[in-house]
Number of protein chains: 2
Amino acid sequence: MGDSTQLLDRAFAALADPTRRDLVARLSVSDATVGELAEPYEMSFQAVSKHVKVLEEAGLVTRSRDAQRRPVHLNREAFDLMTQWIERYRREAEERYRRLDALLARTAQDDEDRRTEKEQAS
Amino acid sequence: MGDSTQLLDRAFAALADPTRRDLVARLSVSDATVGELAEPYEMSFQAVSKHVKVLEEAGLVTRSRDAQRRPVHLNREAFDLMTQWIERYRREAEERYRRLDALLARTAQDDEDRRTEKEQAS
DNA sequence: AACGTATTCAACCAATCAGTTGACAACAAC
DNA sequence: GTTGTTGTCAACTGATTGGTTGAATACGTT
């Protein structure tokens, strides 16, 4: 069981929440403090702080320290890990589909051939 | 709020569970019935059935009917939706990083220039 | 009609989660 | 040192989740 398992668990779980996906979208434009991030939402400041913490523990986000501010910024590597996982299996499924497709085409061609043979025989 | 929001919610949540990620990995190799899927795990047959249902409701998987069997197979489109979402923000973050990098390089160059000017002045 | 196989449904339990409010910690400025 | 700002921690609540077991459904076989 690779070490990436827990990270994937957390990263996928983190992005399952629409608020957290929105935070990520905004952070992709520019870094921000928790206060700035919290501003547009209805929910309490502390709730947003919790969301940011979840993103941080998933490795999707890191924070530096600037006096009492803790600016948040995206961590691209974690995203890479996710796309790699998803793409791996998507691609395998696609491969398999292509092979199946080719097999069906071949079978259809065989049928065609058989029909043609019959026609020629008659 | 786009219609894809709920699907993304469910798809990310579905893949947050290691058992379900394992099911996806195995389904990328070949379609399988719930019984076949359940076989290697310690947990009850019904638990696996539930997991498959979660994957299905997330659009990650579809099922056909073959007598009493319900073979499960991967649905590539849902995976595309996820990678598109992830890649979009990963890319924007990367873009932004490159611009910042360029800015820093330019500033460093300016400093260098200033130093050189001073040297030439002396 | 009765039986076996493959699968789902229903009810329940413990754990986790997203949200709340109130108290606390770290730092800057006065 | 007191005050203001930025943020976290702790305790609570209701909803959801991953698991269980037992009963029910759907279909093929005899």
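Every chain is numbered from 1, with letters handed out A, B, ... down the list of sequences.
Within the structure, salt bridge (Lys or Arg N to Asp or Glu O under 4.0 Å) pairs that include any residue of residues 83-95 of chain B comprise A:Arg76-B:Glu94, A:Asp80-B:Arg90, B:Glu87-B:Arg90, B:Glu87-B:Arg91, B:Arg88-B:Glu92, B:Arg90-B:Glu94, B:Glu95-B:Arg98, B:Glu95-B:Arg99 (at least two apart or interchain). Among residues at least two apart or in separate chains, salt bridge (Lys or Arg N to Asp or Glu O under 4.0 Å) pairs with a member in residues 22-39 of chain B are A:Arg96-B:Asp31. For residues 5-18 of chain B, the pairs satisfying salt bridge (Lys or Arg N to Asp or Glu O under 4.0 Å) are A:Arg21-B:Asp9, with sequence neighbours left out. Within the structure, side-chain hydrogen bond (donor to acceptor under 3.5 Å, both in side chains) pairs that include any residue of residues 46-61 of chain B comprise B:Arg20-B:His51, B:Glu56-B:Arg63 (at least two apart or interchain).
Atoms CG (B:Leu15) and P (D:dT17) sit 15 Å apart, rounded to a whole Å. Computed from coordinates, the A:Arg10 CZ to C:dC17 C1' distance equals 15 Å when rounded to whole Å. Atom pair A:Asp9:CG and D:dG18:P shows a separation of 11 Å (rounding to whole Å applied).
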_Protein within reach of the bases, or only the backbone? For nucleotides 19-30 of chain D, mark each nucleotide 5' to 3' as B, S or -, using heavy atoms under 4.0 Å._
BBBB----BS--
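Residues B:Val24 and A:Trp85 are in side-chain contact: their nearest non-hydrogen atoms beyond the backbone lie under 4.5 Å apart.
Near DNA chain C, meaning a heavy atom under 4.0 Å from it, residues 31-40 of chain B has B:Thr33, B:Val34, B:Gly35 in order of number.
With sequence neighbours excluded, the residues forming a side-chain hydrogen bond (donor to acceptor under 3.5 Å, both in side chains) with A:Thr62 are A:His73, listed by chain and number. The side chain to side chain contact (heavy atoms under 4.5 Å, CB included) test applied to A:Ala47 returns A:Met43, A:Ser44, not counting sequence neighbours.
Between A:Arg70 and the phosphate of D:dT5, there is no side-chain N or O to OP1/OP2 separation shorter than 4.0 Å. In terms of phosphate contacts, A:Lys53 brings no side-chain nitrogen or oxygen within less than 4.0 Å of OP1 or OP2 of D:dG7. For D:dG7, the OP1/OP2 oxygens have no side-chain nitrogen or oxygen of A:Arg69 closer than 4.0 Å. In this structure, B:Ser49 does not reach the C:dT7 phosphate: none of its side-chain N or O atoms is under 4.0 Å from OP1 or OP2.
With hydrogens and angles disregarded, no donor-acceptor distance shorter than 3.5 Å links the side chain of A:Asn75 to the backbone of A:Leu60.
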